[in-house]
Student: 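Here's a structure for you.
Order of appearance sets the numbers: ligands from 1, and atoms from 1 within every ligand. Sequential numbering from 1 along the given sequence is applied to the chain's residues. Only this structure's heavy atoms are used, side chains among them; waters, hydrogens and symmetry mates stay out.
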Amino acid sequence: MRREQSSLRTPSLSLGRFKPLFKVMKKFYITTPIYYVNDRVHIGHSYTTVAADVLARYHRLKGKRTFFLVGTDEHGEKIEKVARNLGETPKQLCDKNSLFFKKAWQSLNISYDSFLRTTEKNHIKAVQKVLDVLYRKKFIYKGVYKGLYCLGCEQYKTKSDLVRGRCPQHQTKPKMMREESYLFRLSKFKDILENKIKNEEFKIRPKERKNEVLGFLKNGLQDISISREKVKWGIPLPFDKKMTCYVWLDAFLNYLTGLGWKGDPKKIPDFWPPDLQLMSKDIIRVHATIWPALLLALDIPLPRQLFVHGYFTVEGQKMSKSLMNVIFPEEMIKKFGVDSTRYLLLSTCPFGKDGDVSWQKFEGKYNSDLAKGLGNLVARVITLVKNSKFQIPNPRQITNPKLQAEINKTWEDYQKALDEFKLNEVLVSIWDLISFCDKYIEKERPWEEVKSAGWRKKEVIGNLLFALDNIAKLLQPFLPETSEKIFKQLKTRKSKPLFPRI
Ligand code: MSP
């Protein structure tokens, strides 16, 4: 776990203008889904986590008290089954695979504050306490539950969820389950949820996802089974120890226990509620129904906002282990490096839409945007400084109004786009600034007079250094190591290739 602290580097002209635009909030609490440990980390999981990392870093740099939670979802039938097939105990599988997730996040430079595992003692105790409270408050009752169950999703499905009788995510036929069960009174919360989503007290973005949820709610909500009789690998219900807790209920509570919560609804951690919860489309429905209903039943404030991004697809199919079309982050890191991988993931498509990925596309983008674009600009400017006979001081101001306007505009767009989680657009606008600088160099041709120490060329190089300093600042949350390297090159004036061509 790595963290950088405090405000965005040295104050600059542009930053001065950037600050007052910012809505002041004291804290920022951001979460990702906790991933199932039966899966190996692929770039779909990495996408959500890198995006969350960028936003966490951004808010930290702005001086907010920030908490960034990640973790692994370790109970349930699916994990029990995979462990059995591997000849391992579920615990062994969980220990091994949660470590893979931790390692992957380390190698992607993810600055999380806490990594929660649902098999931790504190979490288990808190879940049991919650179950007790809900049972006492009569939000949980005993009954019989019958329905089609998709193991891949660990969710009951209705007929309308299926395509030709199969789960569209996993391409498998769900099985009919009929169990004596404890049920949670989800149906009670339909109206209140509908209202809170409509009036944006509980915000869901992008808008089309909000509409999807409202459409789904219109048909009403059914009570859900929260117990499993046959699943051993789960948290025992405190009021009926033969049963274990439904994995989703257990998993949702991670967003509270990850802050050290012990399960008492009256003692809520001070980072609560989440300012932003990131996820993809596959799990928005449960996050927009079961999750807030649980909180309402416990009298705990709802998260402020859910943001739902799209899928990484391969030739149009969702990337997932079950479809065997995954790319692993370590392969990308090996080929492109850490920051390049972060860049390639986030620049694939607008955040909120699906994006088709392939090695070929990644390579093309690496060469054009990183090797040729950013890497080349930094190398050119630092070489100009190195080759010039005269001293070029660290610039405090800029003398070209057009370049200055471009830098200011980039900061303003940056702010707005980051507040709306348009991560891909932010990168596009930084890269617009990079190509503006390229054109500025071509127009001014500062190398021609470098040796004769012409004052104008000195000014041009000074302006470029100023622009590079800003580019490095803009890049901080996205490419933290590259940003440091650029600052270092600006200081030492020694050029070192940032992104060798592939
Ligand atoms: N364990 C549950 C979440 C519980 S949260 C209380 C779960 N786990 S999961 O391992 O299946 O992760 C799903 C999430 O992984 C998605 O919502 C998304 O964040 C990420 N992604 C997995 N595959 C992805 C793509 N192909 N594309 C984009 N994101 C992907 O559901």
Student: Could you tell me the residue and atom name of the protein heavy atom closest to atom 27 (N) of ligand 1, and the distance to it rounded to 0.1 Å?
Tutor: Phe312 N, 2.8 Å

Student: Cut-off 3.5 Å, side chains only: do Asp339 and Thr482 have a donor facing an acceptor?
Tutor: yes

Student: Testing Asp73, Asp95, Asp250 for salt bridge (Lys or Arg N to Asp or Glu O under 4.0 Å) with Arg117, which one passes?
Tutor: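 Only match with Arg117 under salt bridge (Lys or Arg N to Asp or Glu O under 4.0 Å): Asp95.
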
Student: At their closest point, which heavy atom of Ile197 faces which heavy atom of Ala288, and how far apart are they?
Tutor: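 Shortest heavy-atom separation between Ile197 and Ala288 comes out as CD1-O, 4.1 Å.
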
Student: Start with the C-alpha gap between Asp419 and Gln415, add the side-chain angles, then the distance that decides, and say whether side chain to side chain donor-acceptor pair (under 3.5 Å) holds.
Tutor: CA-CA 6 Å; Asp419 286 345; Gln415 153 92 31; 3.0 Å; yes

Student: Just distances here: any N/O of Ile34 and N/O of ligand 1 closer than 3.5 Å?
Tutor: yes

Student: Measuring from Thr341:OG1 to Lys334:NZ, what's the distance to the nearest 0.5 Å?
Tutor: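 Thr341 atom OG1 to Lys334 atom NZ measures 12.5 Å (nearest 0.5 Å).
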
Student: If you compare all heavy atoms of Asn424 against all heavy atoms of Phe351, which two are closest, and at what distance to 0.1 Å?
Tutor: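 That would be CB-N, 4.3 Å.
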
Student: Please tell me whether His309 and Thr48 have a donor and an acceptor in their side chains that are separated by less than 3.5 angstrom.
Tutor: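 His309 vs Thr48: donor-acceptor pair found between side chains.
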
Student: For ligand 1, which atoms have a heavy atom of Tyr311 less than 4.0 angstrom away?
Tutor: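 Listed by number with element, the hits are 27 (N), 28 (C).
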
Student: Quick check: Lys318 and ligand 1, any N/O pair under 3.5 Å apart?
Tutor: no

Student: Measure His309 to ligand 1 on non-hydrogen atoms and call it side chain, backbone, both or neither using the 4.0 Å cut-off.
Tutor: side chain

Student: Does the Trp261 side chain pair with the main chain of Asp264, one donor and one acceptor, at a distance under 3.5 Å?
Tutor: yes

Student: When Glu77 is tested against each of Lys232, Lys230, Lys175, Arg84 for salt bridge (Lys or Arg N to Asp or Glu O under 4.0 Å), which residue passes?
Tutor: Lys175

Student: List every atom of ligand 1 that sits less than 4.0 Å from any heavy atom of Ala251, numbering the atoms from 1 in the order shown and giving each element.
Tutor: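 Numbered from 1, ligand 1 contributes 6 (C).
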
Student: Check Trp248 against ligand 1 and report side chain, backbone, both or neither, counting heavy atoms closer than 4.0 Å.
Tutor: side chain

Student: Can you tell me if Ser340 uses its side chain to pair, donor with acceptor, with the backbone of Gly337 under 3.5 Å?
Tutor: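 Between the backbone of Gly337 and the side chain of Ser340 there is no qualifying donor-acceptor contact (under 3.5 Å).
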
Student: For atom 12 (O) of ligand 1, which protein heavy atom lies nearest, and how many Å away is it?
Tutor: Tyr35 CD2, 3.4 Å

Student: Using a plain distance cutoff, I'd like to know if Ile283 has any nitrogen or oxygen under 3.5 Å from a nitrogen or oxygen of ligand 1.
Tutor: no

Student: Just jot down the ligand 1 atoms closer than 4.0 angstrom to any heavy atom of Asp73, in number order.
Tutor: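 Here the atoms of ligand 1 in question are 1 (N), 2 (C), 4 (C).
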
Student: Applying a strict 4.0 Å limit to heavy atoms, is Cys153 in contact with ligand 1?
Tutor: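 No, Cys153 has no heavy atoms under 4.0 Å from ligand 1.
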
Student: Which pair of non-hydrogen atoms, one from Pro303 and one from Phe202, has the smallest distance, and what is that distance?
Tutor: O-CD1, 3.4 Å

Student: Could you tell me whether some N/O pair between Ser280 and ligand 1 is separated by less than 3.5 angstrom?
Tutor: yes

Student: Output yes when the distance from some N or O of ligand 1 to some N or O of Asp282 is under 3.5 Å, and no in every other case.
Tutor: yes

Student: Which residue owns the protein heavy atom closest to atom 28 (C) of ligand 1, what's the atom, and how far is it?
Tutor: Gly310 O, 3.4 Å

Student: Is there a heavy atom in Tyr255 that sits closer than 4.0 Å to ligand 1?
Tutor: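 Under 4.0 Å: yes for Tyr255.
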
Student: Check whether any N or O atom of Tyr47, backbone or side chain, sits under 3.5 Å from an N or O atom of ligand 1, and answer yes or no.
Tutor: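 In fact, backbone or side chain, Tyr47 has no N or O that close.
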
Student: I'd like the name of whichever of Asn325, Thr48, Leu345, Thr49 reaches closest to atom 19 (O) of ligand 1 through any heavy atom.
Tutor: Thr48

Student: Tell me which protein heavy atom sits closest to atom 24 (C) of ligand 1, plus the residue, atom name and distance to 0.1 Å.
Tutor: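 Looking at atom 24 (C) of ligand 1, the protein heavy atom closest to it is Gly44 CA, 3.5 Å.
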
Student: Counting only heavy atoms from other residues, nucleotides and ligands, does the tally under 6.0 Å from NZ of Lys81 exceed 12?
Tutor: no

Student: Over all heavy atoms of both residues, which pair between Lys27 and Tyr29 is shortest? Give the atoms and the distance, please.
Tutor: NZ-CB, 4.0 Å

Student: Should His42 be listed as contacting ligand 1, given a heavy-atom distance under 4.0 Å as the test?
Tutor: yes

Student: Looking only at protein heavy atoms, identify the closest one to atom 11 (O) of ligand 1 and say how far it is in Å.
Tutor: Tyr36 CD1, 3.6 Å

Student: Could you say whether the N/O atoms of Met319 and ligand 1 ever approach to under 3.5 Å?
Tutor: yes

